[in-house]
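Worksheet for the structure shown next.
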Amino acid sequence: MTGRKKLVIDPAWCKGCGICAAFCPKNALEIAGEKVRLKEGGECVACGACEMRCPDYALWLEDLEE
Amino acid sequence: MPSELVHKYLRIDHLPHIWCAGCGNGIIMRDVAVALQELIDDPEVPVSRDKTVVVSGIGCSSRAAGYLDFDSIHTTHGRAIAFATGIKFARPDLEVIVLTGDGDCSAIGGNHLIHAARRNIGLTVVTFNNDIYGMTGGQYSPTTPTGDKATTAPYGNLDRPFDIAQLAAGAGATFTARGSAYHARETTELIKQGILHKGFSLIDVYSVCPTYYGRKNGRGGPVEMLQWQKEHMVPAATYYAMSEEARRDKTLVGVLTHTENPEYTEQYAALVERVRAQSGK
Ligand SMILES: Cc1ncc(C[n+]2csc(CCOP(=O)(O)OP(=O)(O)O)c2C)c(N)n1
Ligand code: SF4
Ligand code: SF4
Ligand code: SF4
């Protein structure tokens, strides 16, 4: 946990391809109704792997407010 | 509000893009944006946004020039490198980046590719290589592997494929590398190296087209296609640590060739100097 970033999801741009969920090292994401979401109790460690491979820029890391 | 990168370097009024769900083009376009952002933000490096030009041809992948918020031109099919050559020749101070498909760059545009490489003109070419013509409905391209299926090869492709990076290196390119949609971070680094290299650079990036190539060849959807890249393509550090036996069915993600040779627009400037001095003007 870096503690300094948080994951933001914008389902509007998500095309439901499943790439982010397939390669999330913590298996924290799922696709429901063709849109991505954080699993219930999903533990995102803000590694950025999903942002790096999302072809539609529908999720990304943002700095946490201090 | 999308991520800072997307907000800053992509034309968000044109997003979401038209590419299919899971198309590798979106990943590779982001790699190009990150590479440029990191170079622009680096005070040690002379790359700036207003001296960067993005040029593409026609194809699904070539749409990237329209989405990237730089001075960009979306030209005609196969001619991206020709337009880019003109821009670089007129303004050698510009960083000229060509985004092109395997068809755009190695079929109709193959002659431009080999001659730009032969001249070693300072362009950076990034191929979005999906082994097929995506935009026009899945016809085979010069990189379609032998035996694979396409709209125009329903019983399997007879041709042997080009390795675009090898083709460019053989023609005289002084920097060639291979990336993949899965290996986004490594590919971003290779694009940065290609941009910083003086001379003709080509980064051949294996993309995925789940809609045509994947479907016609039973390769599954985008996740399965990226999983294949994860398993069969190996970043340099790991690749070179592997035994020759283990490497046999693996493809290197990394620099393929890197040599130094005079760059074309510099030679041209020197020629102008020499002729002026001779004629006393
Ligand atoms: C002169 C000319 N010939 C043919 C076409 C039709 N055409 C458009 S895109 C394309 C090929 C696209 O394949 P590729 O360059 O690999 O890009 P992709 O769509 O796969 O990203 C063709 C043949 C054209 N637009 N112009
Ligand atoms: S940031 Fe990393 S851990 Fe969090 S959802 Fe994305 S891939 Fe998973
Ligand atoms: S990778 Fe992007 S587009 Fe694909 S499912 Fe995840 S968020 Fe949606
Ligand atoms: S047809 Fe293929 S290359 Fe074109 S947008 Fe769809 S997946 Fe991408």
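Letters A, B, ... mirror the listed sequences (proteins, then strands); counts begin at 1.
Checking side-chain atoms of Arg30(B) against main-chain N and O of Arg53(A) turns up no donor-acceptor pair under 3.5 Å.
Tyr57(A) OH to Leu10(B) CG: the interatomic distance, rounded to the nearest 0.5 Å, is 5.5 Å. The CD1 atom of Ile27(B) sits 9.0 Å away from atom CE of Met52(A), with the distance rounded to the nearest 0.5 Å.
Using a 4.5 Å heavy-atom cut-off against chain A, the contacting residues of residues 12-19 of chain B are Ile12(B), Leu15(B), Pro16(B), His17(B), Ile18(B), Trp19(B). Residue-level contacts of residues 204-212 of chain B with chain A do not occur; threshold 4.5 Å between heavy atoms. At a heavy-atom separation below 4.5 angstrom, chain A is approached by Leu226(B), Gln227(B), Lys230(B) within residues 225-241 of chain B. Residues of residues 9-20 of chain A that come closer than 4.5 Å to chain B, counting heavy atoms only, are Trp13(A), Lys15(A), Cys17(A), Gly18(A), Ile19(A), ordered by residue number.
Contact of the Glu62(A) side chain with the Ser3(B) side chain is not registered, since no non-hydrogen atoms from C-beta on lie closer than 4.5 Å.
Heavy atoms from other residues, nucleotides or ligands lying under 6.0 Å from NZ of Lys26(A) number 12 at most. Under a cut-off of 6.0 angstrom, the local environment of NZ in Lys149(B) is sparse, with at most 12 non-hydrogen atoms contributed by other residues, nucleotides or ligands. Open room surrounds CZ on Phe162(B); 12 or fewer heavy atoms of other groups in view lie less than 6.0 Å from it.
Neither the backbone nor the side chain of Glu34(A) comes within contact range of chain B, judged by heavy atoms closer than 4.5 Å. Looking at Val6(B), the atoms closer than 4.5 Å to chain A (heavy atoms on both sides) all sit in the side chain, from C-beta outward.
Across Gly22(B) and Pro55(A), no two heavy atoms sit closer than the pair CA-CG, 4.1 Å.
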